[in-house]
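Below: one structure, written as structure tokens.
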2 protein chains.
Amino acid sequence: MSKCEQCIVRQFNSLKALTKDELVRISSCKTSKTIKKGEILFEEGEHINGVFCVKDGICKVSKMSDNGRDQIVHLIKKGDLLGERSLINDEVSNLKAIAVNDMEVCFIPKEEIVRDLEKNPKFTMDILKNMASSLKNADNVIVDMAQKTVKQRLAATLLYLNNKFEKDTDGAIDVHLSREDIANIIGTATESAIRLLSEFKKKGLINLKGKQVFILDTQKLKDISTGF
Amino acid sequence: MSKCEQCIVRQFNSLKALTKDELVRISSCKTSKTIKKGEILFEEGEHINGVFCVKDGICKVSKMSDNGRDQIVHLIKKGDLLGERSLINDEVSNLKAIAVNDMEVCFIPKEEIVRDLEKNPKFTMDILKNMASSLKNADNVIVDMAQKTVKQRLAATLLYLNNKFEKDTDGAIDVHLSREDIANIIGTATESAIRLLSEFKKKGLINLKGKQVFILDTQKLKDISTGF
DNA sequence: ACCAAAAGCTGATAAATATCATATTTTTAA
DNA sequence: TTAAAAATATGATATTTATCAGCTTTTGGT
């Protein structure tokens, strides 16, 4: 079992605010898990009762809408924490998390880490800062969803993916989403997403090879996303 | 100048977690303001540098989208706090707040209340709980915006208004929004909102008298909003 | 009370998007 | 390896929504 004190991943999230002693305690109660592509980390309606610290891999966090379509609301990657909200309220999750590729995660039980929320103000403040930032971001997403066309949202999403993820050895964005996943991020029908991707490719803004996406013209995509 | 210790409004927000001493200090540095209908509390790009505690009235919090249309992301009413995020990060506001009717608010400067965030864990945790709850709510709004039709969103919005606000003496929802405001909540053109409101009225789900909205058939509206 | 401005309303039309159908390609599993 | 299943792609069409135009009603200021 690896040790949190020596784990570099915590530097990327709120766990960096924990003291050495706290990390040692967390280390001894956490469990490491390997989650294969397509497997579920947690489901809607489930009590998560802890946080996941993502050591490797990517997962999509989504919510089923009333009309039966999944909407992806977050993509979580290496270094991110997942499930902080379960520490704060006792409600079941309203979201579902599924691995997009093979993942390595550590699960820290709620009862162990909640103490730190109560006792370590630095940790609390860091969680708070992250939440404030997520909230600001969520407001922006709401505005985009409400006001932008599907084409604008696709352009914005491609830029977001391009920023958030590394490039693979071919130079493509290093997350391989299905066309359906992409449609479920921007909130449209899979066919519409496919059509617009083809259009962007034809115009030379992107290139597509299977699930690989290459961003060719950032500026033009930005123009499209802002309605220029 | 009224005293926070004796103000009932704080019971409805995180200020209830402050101690008597803290409240006395806040009392002495806060400023009371009257804001008339249509006046601006703060603008996009402004440093708020404090929180507003709403003693009376309603305001709309919105963000201008790239294509030049305002999207209302929150409605704030008596008892609510506004601007908590300014306490946590030092960024300028990404939102604008305008009074929907005459308001009574107290403004508490950031430097005075930030101490309490640092020293009073109960206060911090209450802010944190609210943020977690707002975040959950924001996820739900994103899903609705992305997946629901305009008609579904209008039905959902009417139910939300009906829940959130009291009834006036006639039995109408006690917030008088323009058709444009309603359109800017659901993220559609004003004409579309008007057309659908007329349709709902024709079907007997609601009644309209000027800016008064009467909810007549809650169940039917719920069915519409969930795509039943 | 009156006038100008704003808000509300309705119809016609255009544009965006979803849905359905079907073909092709890729992936998966036996 | 091969057959079945899933994913991708594209066309045709239907539905939803935005836009534009013109009109009526309401509101606010003097």
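Quick caveat: nothing in here was measured; it's all calculated off a predicted structure. The chains referred to below are lettered A, B, ... by the order of the sequence lines, with proteins before strands, and numbering in each begins at 1.
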If you measure from the Lys or Arg side-chain nitrogens to the Asp or Glu carboxylate oxygens, is any gap between A:Lys136 and B:Glu91 under 4.0 Å?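 Looking at A:Lys136 and B:Glu91, the cut-off is met.
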Taking only Lys NZ, Arg NE, NH1 and NH2, and the carboxylate oxygens of Asp or Glu, determine whether A:Lys151 and A:Glu199 approach each other closer than 4.0 Å. yes
Answer yes if the side chains of B:Asn130 and B:Ser14 hold a donor-acceptor pair under 3.5 Å, and no otherwise.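 Distance-only check passes for B:Asn130 and B:Ser14.
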Any heavy-atom pair between the side chains of A:Lys211 and A:Ser178 that's under 4.5 Å?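 Of all side-chain heavy-atom pairs linking A:Lys211 with A:Ser178, at least one is under 4.5 Å.
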For [X] and [N], is the shortest distance between a side-chain N/O and OP1 or OP2 below 4.0 Å?
X: B:Ser192; N: D:dA18; answer: yes
X: A:Arg195; N: D:dA9; answer: no
X: A:Thr190; N: D:dT8; answer: no

Atom CD of B:Glu199 to atom C1' of D:dT17: distance rounded to whole Å?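 Atom CD in B:Glu199 sits about 13 Å away from atom C1' in D:dT17.
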Which nucleotide span of DNA chain C, 5' end to 3' end, has atoms closer than 4.0 Å to non-hydrogen atoms of chain B? C:dA7 to C:dA12
Could you tell me whether the side chain of B:Arg69 has a donor or acceptor atom within less than 3.5 Å of a complementary atom in the base of D:dT19?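 No, no donor-acceptor pair under 3.5 Å.
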Between A:Ala189 and A:Lys211, which residue's closest nucleotide on DNA chain C lies nearer the 5′ terminus? A:Ala189
Can you check whether B:Ile186's main-chain N or O pairs, donor with acceptor, with B:Arg153's side chain at less than 3.5 Å? yes
